[in-house]
Amino acid sequence: MECPSLERARTALKEACIAARSGHIHTVTFQPAPNEENEDRIVVQEWDDIAGPPWLFLAVLDGHNGKAAAEYTAQHLPDQIRAGLRSKVSRAGPQALDAEYVRKHLVHRIKKFDETLGAAVKELCPDPSALTDAEAQALVSGPNAAVFQRAYSGTTITAALIDGDKKNLWIAGLGDSSAVLSTVPREGHRSSERLITLHNGRTPTEYARVKLKHPSSEENVMKDDRVLGGLSPTRAIGDFDFKFSADYAKQIFHRLPSSAYPATEFGAIHYNHTPPYVTARSDARHIDLATLRDQKPTLLLYTDGVDNIIAGHFLFRKENPCKENTATVMGALLGDAVDHELMQRVFDHQVEPGWTGENGNKAVELLGNILGGTNTSRLSQALDPEYLTRPEDDPESLYVDDTSIIVCPLV
């Protein structure tokens, strides 16, 4: 392959992205492989009917085993959260939206939303073991096929809610997408804080939480750091083959189209003894933005495609994956001046702050810097179907997970 110029490689990257700007908010979602469908979704909404100036709702959703759960959640969950807040104000006035109420509201609405997905399945199929194969196939192929598909697929969600005066920030997280707050304290170097714990098997507290909810005799509850050996996130919307009995997995869900790894299907059938194994109980917190106004606060939301790119184990650091905290790396890349020694150590390539220009998309800039930076060859290969479609066991094969980023300045 002839190596193009850096400018042409960056142009190709921009063309491969779905990028947008909404006022000061920059977003990008990215999946370069020609035979892969991007299952991520991004939400950016202004709510002008809550209290005072318009509120802002942002979210990244990392769909898996198909796009159905992520797409349905992105389309409907924000409206339900919004309606609940609006109803509270109409009953009790704007003062009712104190920090703790809003935090609990986010947790409650996310969980209730997930419960409706499961309830719809059980209403159509109370007892899958009573169905013949023909009856089960007719059910999942009929007019309610979408009900089963969005319960079978799954999605993470990491959401941010910002009040109209930008005095309060609420974060809710379910799964292993990230929320990061980047600030510039008095010493002048931009620093970052991960706001929500990642819910996957590599987080020790999550690993232990899931294990302890099931009998010790179940050896495969967390196999290879995955739920029942197949699912990476330990909390999610959907994924009801991990929440309902194995009869649903055997007789209903696994008749549906799937993009999951074979180990996911095997685990949901053969290791599923005491469900649920996955929960839709999110973590949520409140941040007082008034104390951060002079620190140039910027909020980042991103799916775990960012973590995979920075680690490099599917790209250019297969033999020596980077173990640096991705929140630290992403926050540092927002600075006007970056620590190039750190970036070289993380990526083994150099980066260029501001390469998209003064009016460029900051989310695209971040993506380009973590994917290849100023290394034209890397950037080009990460977009090249020749590398992206090679067999997994080919040492030159490359894999880029669905990747989505939101950049939102908070002042």
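Everything numeric in this text was worked out from a predicted model, so none of it was measured. Worth knowing before you read on, the calculation uses all heavy atoms, side chains too, and leaves out hydrogens, waters and symmetry mates.
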A.B. asks: Considering non-hydrogen atoms only, spot the tightest contact between Cys408 and Ile162 and give its length.
C.D. replies: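 Where Cys408 meets Ile162 most closely, the heavy atoms are SG-CD1, 4.3 Å.
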A.B. asks: Using the rule side-chain contact (heavy atoms from CB on, under 4.5 Å), only one of Leu198, Leu61, Asp307, Thr156 pairs with Ser177; which is it?
C.D. replies: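 That would be Thr156; it is the only one of Leu198, Leu61, Asp307, Thr156 passing the side-chain contact (heavy atoms from CB on, under 4.5 Å) with Ser177.
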A.B. asks: Using 0.5 Å steps for rounding, measure from the CD1 atom of Ile81 to the NE2 atom of His108.
C.D. replies: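 Here the rounded value is 11.0 Å.
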A.B. asks: Compare all side-chain heavy atoms of Leu366 with those of Val28 and state whether any distance is below 4.5 angstrom.
C.D. replies: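 The answer is no; the side chains never approach within 4.5 Å.
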A.B. asks: If you round to the nearest 0.5 Å, how far is CG of Asp62 from CD1 of Ile157?
C.D. replies: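 So the gap between those two atoms works out to 11.5 Å.
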A.B. asks: Using a 6.0 Å cut-off, check whether atom CD1 of Ile18 has over 12 heavy atoms from anything other than its own residue.
C.D. replies: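 At most 12 heavy atoms, drawn from other residues, nucleotides or ligands, come within 6.0 Å of this atom.
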A.B. asks: Quick check on Glu123: does its CD atom have over 12 non-hydrogen neighbours (other residues, nucleotides or ligands) under 6.0 Å away?
C.D. replies: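 Atom CD in Glu123 is not packed in, count stays at 12 or less.
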A.B. asks: Can you give me the closest heavy-atom contact between Ile310 and Val329, atom names plus distance?
C.D. replies: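 Looking at all heavy atoms of both residues, the shortest contact is CD1-CG1, 4.0 Å.
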A.B. asks: So does Ser141 get a backbone contact from the side chain of Arg255, meaning a donor-acceptor N/O pair under 3.5 Å?
C.D. replies: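 Checking the backbone N and O of Ser141 against the side chain of Arg255, no donor-acceptor pair under 3.5 Å is found.
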A.B. asks: Compare all side-chain heavy atoms of Leu315 with those of Val400 and state whether any distance is below 4.5 angstrom.
C.D. replies: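 Leu315 reaches Val400 side chain to side chain.
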A.B. asks: Report the distance from atom CZ of Arg109 to atom CG of Asp114, rounding to the nearest 0.5 Å.
C.D. replies: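 One gets 14.5 Å once the value is rounded to the nearest 0.5 Å.
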A.B. asks: Answer yes or no: is there a donor N or O on one side and an acceptor on the other, between the side chain of Asn308 and the main chain of Phe314, under 3.5 Å?
C.D. replies: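 Such a contact is absent between Asn308 side chain and Phe314 backbone.
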A.B. asks: Given Glu265 and Ser258, is the side-chain hydrogen bond (donor to acceptor under 3.5 Å, both in side chains) satisfied, shown in steps?
C.D. replies: CA-CA 9 Å; Glu265 179 176 339; Ser258 172; 5.5 Å; no
A.B. asks: Between Ala268 and Leu228, what is the shortest heavy-atom contact and its length?
C.D. replies: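 Smallest heavy-atom distance, with atoms named: CA-CD1, 4.2 Å.
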A.B. asks: Under the criterion ring-ring contact (aromatic ring centres under 6.0 Å, His included), I'd like the reasoning laid out for Phe244 against Phe240: C-alpha separation, chi angles, the key distance, then a yes or no.
C.D. replies: CA-CA 6 Å; Phe244 287 171; Phe240 276 90; 4.9 Å; yes
A.B. asks: Assess Lys88 against Tyr101: is NZ or CZ under 6.0 Å from the centre of the six-membered ring, and within 45 degrees of the ring's axis?
C.D. replies: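 Yes, Lys88 sits over the ring of Tyr101.
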A.B. asks: Please check: side-chain N/O of Gln80 versus main-chain N/O of Phe113, any donor-acceptor pairing under 3.5 Å?
C.D. replies: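 A pair under 3.5 Å: no.
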A.B. asks: Does Ser380 reach the side chain of Thr376, with side-chain heavy atoms less than 4.5 Å apart?
C.D. replies: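 Yes, their side chains come closer than 4.5 Å.
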A.B. asks: Evaluate side-chain hydrogen bond (donor to acceptor under 3.5 Å, both in side chains) for Asp283 paired with His199, printing each intermediate quantity in order.
C.D. replies: CA-CA 9 Å; Asp283 284 339; His199 302 141; 2.9 Å; yes
A.B. asks: If you look only at distance, which donor and acceptor atoms sit under 3.5 Å apart when one is on a side chain in residues 68-75 and the other is two or more places apart or in another chain?
C.D. replies:
| from | atom 1 | to | atom 2 | distance (Å) |
| --- | --- | --- | --- | --- |
| Glu71 | OE2 | Arg41 | NE | 3.4 |
| Glu71 | OE2 | Arg41 | NH2 | 2.8 |
| Thr73 | OG1 | Ala69 | O | 2.7 |

A.B. asks: Take Leu300 and Val407, measure what side-chain contact (heavy atoms from CB on, under 4.5 Å) needs, and give me the verdict at the end.
C.D. replies: CA-CA 5 Å; Leu300 289 170; Val407 181; 3.6 Å; yes
A.B. asks: Identify whether the distance between the nearest side-chain nitrogen and carboxylate oxygen of Arg378 and Asp348 falls below 4.0 Å.
C.D. replies: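 The answer is yes: the pair qualifies as a salt bridge.
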A.B. asks: Around atom NZ of Lys167, are there more than 12 heavy atoms of other residues, nucleotides or ligands at under 6.0 Å?
C.D. replies: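 Not more than 12 within 6.0 Å, no.
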A.B. asks: If I take atom CG from residue Leu333 and atom CG from residue Asn369, how far apart are they, to the nearest 0.5 angstrom?
C.D. replies: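 It comes to 5.5 Å.
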A.B. asks: When you check the side-chain N and O atoms of Asn38 and Thr29, is any donor under 3.5 Å from an acceptor?
C.D. replies: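 The criterion, which ignores hydrogens and geometry beyond distance, is satisfied for Thr29 and Asn38.
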A.B. asks: Once you round to the nearest 0.5 Å, how far does CG of Leu410 lie from NZ of Lys296?
C.D. replies: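 Here the rounded value is 14.0 Å.
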A.B. asks: Of all heavy-atom pairs between Leu371 and Phe316, which one has the smallest distance, and what is that distance?
C.D. replies: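 Nearest heavy atoms, Leu371 then Phe316: O-CE1, 3.8 Å.
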A.B. asks: With a 4.5 Å limit on heavy-atom distance, are the side chains of Val306 and Phe30 in contact?
C.D. replies: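 No; the side chains remain at least 4.5 Å from each other.
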A.B. asks: Show, in sequence, the C-alpha distance, side-chain angles and deciding distance for Glu135 and Cys125, and conclude whether the side-chain contact (heavy atoms from CB on, under 4.5 Å) test is met.
C.D. replies: CA-CA 11 Å; Glu135 290 170 335; Cys125 180; over 6 Å; no
A.B. asks: Measure from the side-chain N and O atoms of Asn361 to the backbone N and O of Val364, and report whether any donor-acceptor pair falls under 3.5 Å.
C.D. replies: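 Answer holds: yes.
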A.B. asks: When you look at CZ of Arg86, are more than 12 heavy atoms from neighbouring residues, nucleotides or ligands closer to it than 6.0 Å?
C.D. replies: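 More than 12 within 6.0 Å, yes.
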A.B. asks: Please confirm whether the backbone N or O of Asp176 pairs with a side-chain atom of Asp304, one donor and one acceptor, at under 3.5 Å?
C.D. replies: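 No: the side chain of Asp304 does not pair with the backbone of Asp176.
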A.B. asks: How are the rings of His286 and Trp170 set to each other: parallel, tilted or perpendicular (split at 30° and 60°)?
C.D. replies: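 Aromatic pair His286/Trp170 classed tilted.
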A.B. asks: Which value, rounded to the nearest 0.5 Å, describes the distance between Thr328 atom OG1 and Asp339 atom CG?
C.D. replies: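 Taking OG1 in Thr328 and CG in Asp339, the distance rounds to 11.5 Å.
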A.B. asks: Examine distances only and state if a side-chain atom of Asp384 and a backbone atom of Glu386 form a donor-acceptor pair shorter than 3.5 Å.
C.D. replies: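 Yes: the side chain of Asp384 pairs with the backbone of Glu386.
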A.B. asks: Quick check: do His64 and Thr264 have side-chain heavy atoms less than 4.5 Å from each other?
C.D. replies: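 No; the side chains remain at least 4.5 Å from each other.
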A.B. asks: Taking Lys362's backbone N and O only, do any of them form a donor-acceptor pair with His26's side chain (distance below 3.5 Å, no angle check)?
C.D. replies: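 Yes; judged by distance alone, with no hydrogens or angles, the pair exists.
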A.B. asks: Do the side chains of Asp48 and Arg82 get close enough for a salt bridge, i.e. N-O under 4.0 angstrom?
C.D. replies: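 Salt bridge between Asp48 and Arg82, a charged N being under 4.0 Å from a carboxylate O: yes.
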A.B. asks: Quick check: Tyr277 with His214 (ring centres under 6.0 Å apart)?
C.D. replies: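 Yes.
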A.B. asks: Answer yes or no: does atom NZ of Lys166 have more than 12 heavy-atom neighbours from other residues, nucleotides or ligands under 6.0 Å?
C.D. replies: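 Check passes, neighbour count above 12.
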A.B. asks: Could you check whether any side-chain heavy atom of Thr389 comes within less than 4.5 Å of a side-chain heavy atom of Pro34, counting everything from C-beta outward?
C.D. replies: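 Thr389 vs Pro34: side chains touch.
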A.B. asks: Taking C-beta and beyond as the side chain, do Arg10 and Leu379 meet within less than 4.5 Å on heavy atoms?
C.D. replies: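 Yes, at least one pair of side-chain atoms sits under 4.5 Å.
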A.B. asks: State whether Tyr387 and Arg390 meet the cation-pi test: NZ (Lys) or CZ (Arg) under 6.0 Å from the six-membered ring centroid, and within 45° of the perpendicular axis.
C.D. replies: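 Flagged: Arg390 positioned over aromatic ring of Tyr387.
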A.B. asks: Under 3.5 Å, is there a donor-acceptor pair between the side chain of Lys243 and the main chain of Thr279?
C.D. replies: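 Such a contact is absent between Lys243 side chain and Thr279 backbone.
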A.B. asks: Take Gln31 and Glu39 through the side-chain contact (heavy atoms from CB on, under 4.5 Å) test and state the conclusion after the steps.
C.D. replies: CA-CA 9 Å; Gln31 174 45 258; Glu39 297 171 348; over 6 Å; no
A.B. asks: Yes or no on side-chain hydrogen bond (donor to acceptor under 3.5 Å, both in side chains) for Asp127 and Ser129, after CA distance, side-chain angles and deciding distance?
C.D. replies: CA-CA 5 Å; Asp127 183 7; Ser129 65; 2.5 Å; yes
A.B. asks: Between the side chain of Arg293 and the main-chain N/O of Leu289, is any donor-acceptor distance below 3.5 Å?
C.D. replies: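 No, Arg293 side chain to Leu289 backbone: no donor-acceptor pair under 3.5 Å.
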A.B. asks: Kindly give the heavy-atom pair with the smallest separation between Leu301 and Ala179, and that separation in Å.
C.D. replies: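 That would be CD2-CB, 3.6 Å.
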A.B. asks: Checking Arg317 side chain against Pro321 main chain: does a donor-acceptor pair fall under 3.5 Å?
C.D. replies: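 Answer holds: no.
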A.B. asks: Going by the side-chain hydrogen bond (donor to acceptor under 3.5 Å, both in side chains) test, name the single residue among Asp40, Thr326, Thr158 that passes it with Tyr302.
C.D. replies: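 Of the listed residues Asp40, Thr326, Thr158, the side-chain hydrogen bond (donor to acceptor under 3.5 Å, both in side chains) partner of Tyr302 is Thr326.
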A.B. asks: Apply side-chain contact (heavy atoms from CB on, under 4.5 Å) to Val180 and Glu193, showing your working.
C.D. replies: CA-CA 6 Å; Val180 174; Glu193 175 191 1; over 6 Å; no
A.B. asks: Kindly give the heavy-atom pair with the smallest separation between Thr274 and Pro215, and that separation in Å.
C.D. replies: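 Heavy atoms of Thr274 and Pro215 come nearest at OG1-CD, 3.7 Å.
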A.B. asks: Is the closest side-chain heavy-atom distance between Leu181 and Leu292 below 4.5 Å?
C.D. replies: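 Side-chain contact under 4.5 Å: yes.
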